[in-house]
Amino acid sequence: MRRLFLVALALFAPYVHAQAFSAYFTSTNTHFSNVANGDNYSPTTSTYTNLFTTTWPAEFGGGVTLNGVKAGPIRLGMDFRGSTNHGTPGADTAMAGPRLALRVPIVHIKPYVEATGGYVATHTVGTIATVTGGNAVTTTSTPITNQYAAWEVFGGVDVPIFPHLDFRAIEIGGGKGYLANSGITNINFNNTNTQISLFSIDTGIVVHF
């Protein structure tokens, strides 16, 4: 037990210092392209055609950064982030990954980059085709939620305001999402068009603890 305690202490030692972690709150805008948004049915060929759309919902975002290894002005840590908007159009995200930050003392800025992976859900209102008998087809408007496994790379700049408070001047991200669970019954998962592209622009505040 003593040996286990010492190992755990060694693993978490890098986080036991001033400003060991940071919490941030952001206004997030993410552009989602190629979002599955319904289907059409052709009585002639008896086949469904998937429909896609593009959305750019505003979301409330936030996260926690664990600041680990520090070497001069460079700091390596882990970032855990998410954003949400349950409206239509809307989206929910949850991602995590390594983060590399640089403190530039002369101009007092903190540029950083990070690579994340995780979960994305999109919320839209689309149309679903239903075969009611014979050649009759009924089209219904309905909310559609799709779930994706996703990755996104971010880069941004934090500007110190006070010793424990930064202004996140800008953060830009880009990545891909791979459809894992669709809100559409007749979806072709073998179609590479089910992949979505993500492009994010954020701003906000960062609090250091």
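The figures here come from the full heavy-atom set of this structure, side chains too, leaving out hydrogens, waters and symmetry mates. Bear in mind the structure is a predicted one, so any value in this text is a computation, not a measurement.
- Between T93 and S83, the side chains place a donor N or O and an acceptor N or O closer than 3.5 Å (distance only, hydrogens not considered).
- Checked by atom type and distance alone, the side chain of D79 never pairs as donor or acceptor with a backbone atom of G97 at under 3.5 Å.
- Within the structure, ring-ring contact (aromatic ring centres under 6.0 Å, His included) contacts touching residues 63-112 (residues at least two apart or in different chains) do not occur.
- The two residues F52 and N34 come nearest to each other via the heavy atoms CD2-O, 3.5 Å.
- Within the 4.5 Å cutoff, the side chain of T65 has no heavy atoms near those of the F21 side chain.
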For residues 117-126, tabulate all N or O donor-acceptor pairs below 3.5 Å that involve a side-chain atom, not counting sequence neighbours.
residue : atom : partner : partner atom : Å
Y119    : OH   : Q147    : NE2          : 3.2
H123    : ND1  : T145    : OG1          : 3.1
H123    : NE2  : D92     : OD2          : 2.8
T124    : OG1  : N37     : OD1          : 2.6

Which pairs of donor and acceptor atoms, one on a side chain in residues 150-163, lie under 3.5 Å apart (sequence neighbours left out)?
residue : atom : partner : partner atom : Å
W151    : NE1  : Y178    : OH           : 3.2
E152    : OE2  : S200    : OG           : 2.7
D158    : OD1  : R168    : NE           : 2.8
D158    : OD2  : R168    : NH2          : 3.0

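- In terms of the salt bridge (charged side-chain N to carboxylate O under 4.0 Å, His left out) criterion, D39 has no residue partners (sequence neighbours excluded).
- Closest approach of L179 and S182 over heavy atoms only: CD2-CB, 3.9 Å.
- In terms of heavy atoms, V104 sits closest to P111 at CG2-CD, 4.0 Å.
- In terms of the side chain to side chain donor-acceptor pair (under 3.5 Å) criterion, residue partners of T45 (sequence neighbours excluded) are, by chain and number, S42, T47.
- Grouping Ile, Leu, Val, Met, Phe, Trp and Tyr residues whose side-chain heavy atoms lie under 4.5 Å apart, directly or via other members, places I201 in a hydrophobic cluster with W56, I170, I172, F199.
- Across every non-hydrogen atom of A36 and I187, the tightest pair is CB-CD1, 4.1 Å.
- I109 contributes atom CD1, which lies 11.5 Å from atom CG of D166 (distance to the nearest 0.5 angstrom).
- The side chain to side chain contact (heavy atoms under 4.5 Å, CB included) test applied to T132 returns A136, T138, not counting sequence neighbours.
- By the side chain to side chain contact (heavy atoms under 4.5 Å, CB included) test, Y41 pairs with P43, S46, Y48, A129, V131, V137, sequence neighbours left out.
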Take V35 and T54 through the test side-chain contact (heavy atoms from CB on, under 4.5 Å) and record every step on the way to the result.
-> CA-CA 6 Å; V35 178; T54 297; over 6 Å; no

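- Although no hydrogens or angles enter the test, the distance criterion places no donor-acceptor pair under 3.5 Å between the side chain of D202 and the main chain of E171.
- Between T127 atom OG1 and N40 atom CG the span is 6.0 Å, to the nearest 0.5 Å.
- Residue K176 comes nearest to L198 through the heavy atom pair C-CD1, 3.5 Å, listed as atom of the first residue, atom of the second, then distance.
- For the atom pair L165 CG and S22 OG, the distance stands at 10.5 Å (nearest 0.5 Å).
- Here A91 pairs with F32, P57, E59 under the side chain to side chain contact (heavy atoms under 4.5 Å, CB included) rule; sequence neighbours left out.
- Among residue pairs with one or both ends in residues 23-32, none qualify as salt bridge (Lys or Arg N to Asp or Glu O under 4.0 Å); sequence neighbours excluded.
- At distances below 3.5 Å, at least one donor-acceptor pair connects side-chain atoms of N50 with backbone N or O atoms of N186.
- Applying the salt bridge (Lys or Arg N to Asp or Glu O under 4.0 Å) test to every pair with at least one member in residues 114-125, sequence neighbours left out, gives these pairs: R81-E114, R99-E114.
- Shown here for G38 and I128, the closest heavy-atom pair between the two residues is CA-CD1, 3.9 Å.
- Clustering of Ile, Leu, Val, Met, Phe, Trp and Tyr by side-chain heavy atoms under 4.5 Å joins V206 with Y24.
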Is there a side-chain contact (heavy atoms from CB on, under 4.5 Å) between T203 and T26 once you walk through the steps?
-> CA-CA 5 Å; T203 186; T26 60; over 6 Å; no

